[in-house]
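What follows is a set of notes on a single structure, which appears directly below.
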Amino acid sequence: MKRRIFNQNLRISQLGKSGRIEDAIKIFSRMSQKNTVTYNSMITAYAKNGRVTDARTIFDKMPRKNLVSWNTMISGYLHNNKVDEAYDLFVKMPERDLFSWTLIITCYTRNGKLEKAKQLLDSLPCNYKKEAACWNAMIAGYAKEGRYDEAKSLFDEMPNKDLVSWNSMLKGHIQNGEMRLALQFFDEMLERDVVSWNLMIDGFVEQGDLDFAWEYFKKIPEPNVVSWVTMLSGFAKNGKILEARKLFDQMPTRNVVSWNAMISAYVQSCQIDEASNLFEEMPERDPVSWTIMINGHVRVGKLDEARKILEKMPYKNVAAQTAMISGYVQYNKMDEARQIFNEIDTRDVVSWNTMIAGYTQCRRMDEAVHLSRKMVMKDTVSWNIMITAYAQMGRMDRALEIFEEMGEKNLVSWNSLISGFTLNGLYLDALKWFMLMVHDGNKPDQSAFACGLSSCAIIAALQVGRQLHHLVVKSGFPNDLFICNALITMYCKCGRIPEAELLFKGIDHADIVSWNSLIGGYALNGCGKEALQLFQEMALEGVVPDQVTFISILSACSHAGFTDQGLELFKGMTEVYGMELLAEHYACVVDLLGRVGRLDEAFEIIKGMKTKANAGVWGALLSACRTHRNLELGKLAAQKLLEFEPDKTSNYVLLSNMHAEAGRWSEVQEVRSSMKDISAGKQPGCSWIEFRNQVYTFLSYDTSWPGAAQICGTLQTLTAQMRNIVCLYENSIQEF
DNA sequence: ATAGGGTTAG
């Protein structure tokens, strides 16, 4: 009987470990006789499958708890990131051993609560003070947060170092990207084991130093499976699939992880057939194997195949189902994604986040918000997703609320907020929060700088732009092409061509965006000659212009009055470059011809368009007609333009002014009244103010108010004052 | 059966 219970206990543990929780439950509930170990095993099985509340139910119901039961339950909380629950048990438990202490300290270090962890370490009972385990957990915690000095002083202070201590310190160096220090430390280590060597290989792989990784791999006295797999995946990450396969074939022993690593290598290089072959061949599969295969098929766009694999998977887990969800999300199939999401029995943070981010990407905001409200345990990623969602809905008020209420923020949180402001045209806010981010001790990355600089460009905030330029240099990004291009655009938009030119000259390998930025800058600032010259230089360098280049160069010609060169280039687009013409290109040419009064030619070009005309094309013709007083063509252009933009009052104003200039007052009246019809039907945007409990509404061009002249006068004064405030605000931003 | 350092997945 005892033998039987022992075997069944073992079986529960195995099933729990391999994700087959339902089978474990079956055995557990069928057992007529259970001992304490049975309950303990079941607690672990539940906890390992994310069902920590079920684990707790077992813990509460079990007849006799021993010390291991308490520790096991705490361990369950540890692996499910439930610190408070773990600590509650730790306090309540009748006696504690070294395991209990190590577990609770690890709980806090894994969640970044290092001060509390240190407190616990300091209150360690004397008999455990000399043991290494708790110290090691603490050192690993410091290392993970990049607090290297504290890790080091603990390491020096601890009474009995063991191999794990040395390896924890070594890992600290490696996690900080300090391979030089790691090398030195590694050389000084009194003893090393295979883990030490594996850490070094991993560090080199992370840095992209494959040669060093390989050199160290060859030097390992007794490499184990982990060493082989680390090296294999190092090759895979750097696209060296053949070398990876060679290692796989040479490995003396292979386990599931080795197979998974090799399959993943093929998936990373999109060789799905090779991956499938290995998947069929492998002796045993675990949930990871299935997940890799699902992801692999998603990567090559075979969603149905991926789904078939998921259906065939014997014991589905959250990761596999989430891989499928993210596949559906990538192809905008939200309903299918939702179906999978609904089938998950224990949803974790990642699955919720994937689903909510999916709704956000597909612009199904109501569903995103709804689902987010239902989510209980949100992490930083969850909050970041919601900041983006609200920003896309134009609700920066909500986005900001979330940002201020959320606990721990990361760089993505800041970037989401800042790009939200930019997206919604709140450029000053974007810059203000950029500076607050820096002030808060964060290092802005590429995308933060891109947002900040484009905000500066749009509002032509040269001084803040320069400030950002300094920060770029200080942050170690002076040679980043992406940022350089953003800087060039910023300087151009602020009218500082020399600075832009200087930056452009400093670039090692300019890409098409760099060339386009400067050519566009020349165009914007009316430097037609320079634009054409740069365009020629670009051709000499062998850089092929793209559609954006032509928009810039055509508009440069237009602004500078280089009509014939412009026409020549326009012809060349199809004849020389075989390029597809966009409506924007036509708009440029219409503008080019229109400016010099060649209205009929412009009209002919529009009539011969292969792509559909847009508002830009007709708008260009209309304003040319106004300049050159061609009322007939102008009327036609206006009519077409209003088909595209029936709500835009400025178009009506333009047309009515044309009539007025020609002295055709009845037509002026006609346009005005059609404008009124449109406005009446469209519910024009009205403004309102509240004054002494009374709401007053008013429309633009509304002069029916008593004292309208006085109101307008006051308004002008206010506008001037606001301009001053904006200037002051800009200055204050710089003071950070 | 439970802890501290190294490999494959969402």
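In what follows, chains carry the letters A, B, and so on, assigned in the order in which the sequence lines appear, proteins first and then strands, with residues in each chain numbered from 1.
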DNA chain B contacts among [range], heavy-atom distance under 4.0 Å:
range: residues 245-259 of chain A; result: A:Val257
range: residues 209-227 of chain A; result: A:Asn224, A:Val226
range: residues 17-50 of chain A; result: A:Asn40
range: residues 329-344 of chain A; result: none
range: residues 167-179 of chain A; result: A:Asn167, A:Ser168, A:Lys171

Looking at [X] and [Y], would you say the former's side chain and the latter's main chain have a donor-acceptor pair under 3.5 Å?
X: A:Asp379; Y: A:Val349; result: no
X: A:Arg254; Y: A:Trp259; result: no
X: A:Asn80; Y: A:Gly76; result: yes
X: A:Asp286; Y: A:Val288; result: yes
X: A:Ser351; Y: A:Arg347; result: no
X: A:Asn160; Y: A:Glu131; result: no
X: A:Arg285; Y: A:Phe279; result: yes

How would you label the contact of [X] with the nucleic acid (heavy atoms, under 4.0 Å): base, sugar-phosphate, or nothing?
X: A:Ile294; answer: nothing
X: A:Ala320; answer: nothing
X: A:Asp193; answer: base
X: A:Arg110; answer: sugar-phosphate
X: A:Ser13; answer: nothing
X: A:Asn9; answer: nothing

Please name the pair of heavy atoms, one in [X] and one in [Y], separated by the smallest distance, quoted to 0.1 Å.
X: A:Tyr128; Y: A:Leu124; result: O-CD2, 3.7 Å
X: A:Gly234; Y: A:Val205; result: CA-CG1, 3.5 Å
X: A:Asn384; Y: A:Ser413; result: OD1-OG, 2.7 Å

* Determine the sole option in A:Gln339, A:Arg307, A:Glu336, A:Lys333 for which the side-chain hydrogen bond (donor to acceptor under 3.5 Å, both in side chains) test with A:Tyr328 is passed. =>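 Filter result, single survivor: A:Arg307.
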* Asked: What are the 5'-most and 3'-most nucleotides of DNA chain B lying under 4.0 Å from any heavy atom of chain A?
  ->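 Reading along DNA chain B, I get B:dA1 to B:dG10.
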* **Approximate separation, where rounding is to 0.5 Å, of A:Thr38 OG1 and A:Leu10 CG** =>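 It comes to 11.5 Å.
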* **From A:Met355 atom CE to A:Ile344 atom CD1, the distance as rounded to the nearest 0.5 Å** =>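 Nearest 0.5 Å value for the CE-CD1 distance: 9.0 Å.
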* Side-chain heavy-atom pair A:Gln175, A:Tyr148 within 4.5 angstrom cut-off ->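 No; the side chains remain at least 4.5 Å from each other.
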* Asked: So, do A:Ile25 and A:Ile12 sit near enough that their side-chain heavy atoms are less than 4.5 Å apart?
  ->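 Of all side-chain heavy-atom pairs linking A:Ile12 with A:Ile25, none is under 4.5 Å.
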* Give me the one residue out of A:Tyr46, A:Tyr39, A:Trp70, A:Tyr77 that meets ring pair (Phe, Tyr, Trp, His ring centres under 6.0 Å) with A:Phe59. =>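 Going through the options one by one, the only one that passes is A:Trp70.
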* Asked: Hey, which of A:Phe186, A:Trp197, A:Phe212 is the one that makes ring pair (Phe, Tyr, Trp, His ring centres under 6.0 Å) with A:Phe204?
  ->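 For A:Phe204, the ring pair (Phe, Tyr, Trp, His ring centres under 6.0 Å) check succeeds only for A:Phe212.
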* Does NZ or CZ of A:Lys219 fall inside the cone over A:Tyr216's six-membered ring, less than 6.0 Å from its centre and within 45° of the axis? ->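 Geometry flag: set, cation within 6.0 Å and 45°.
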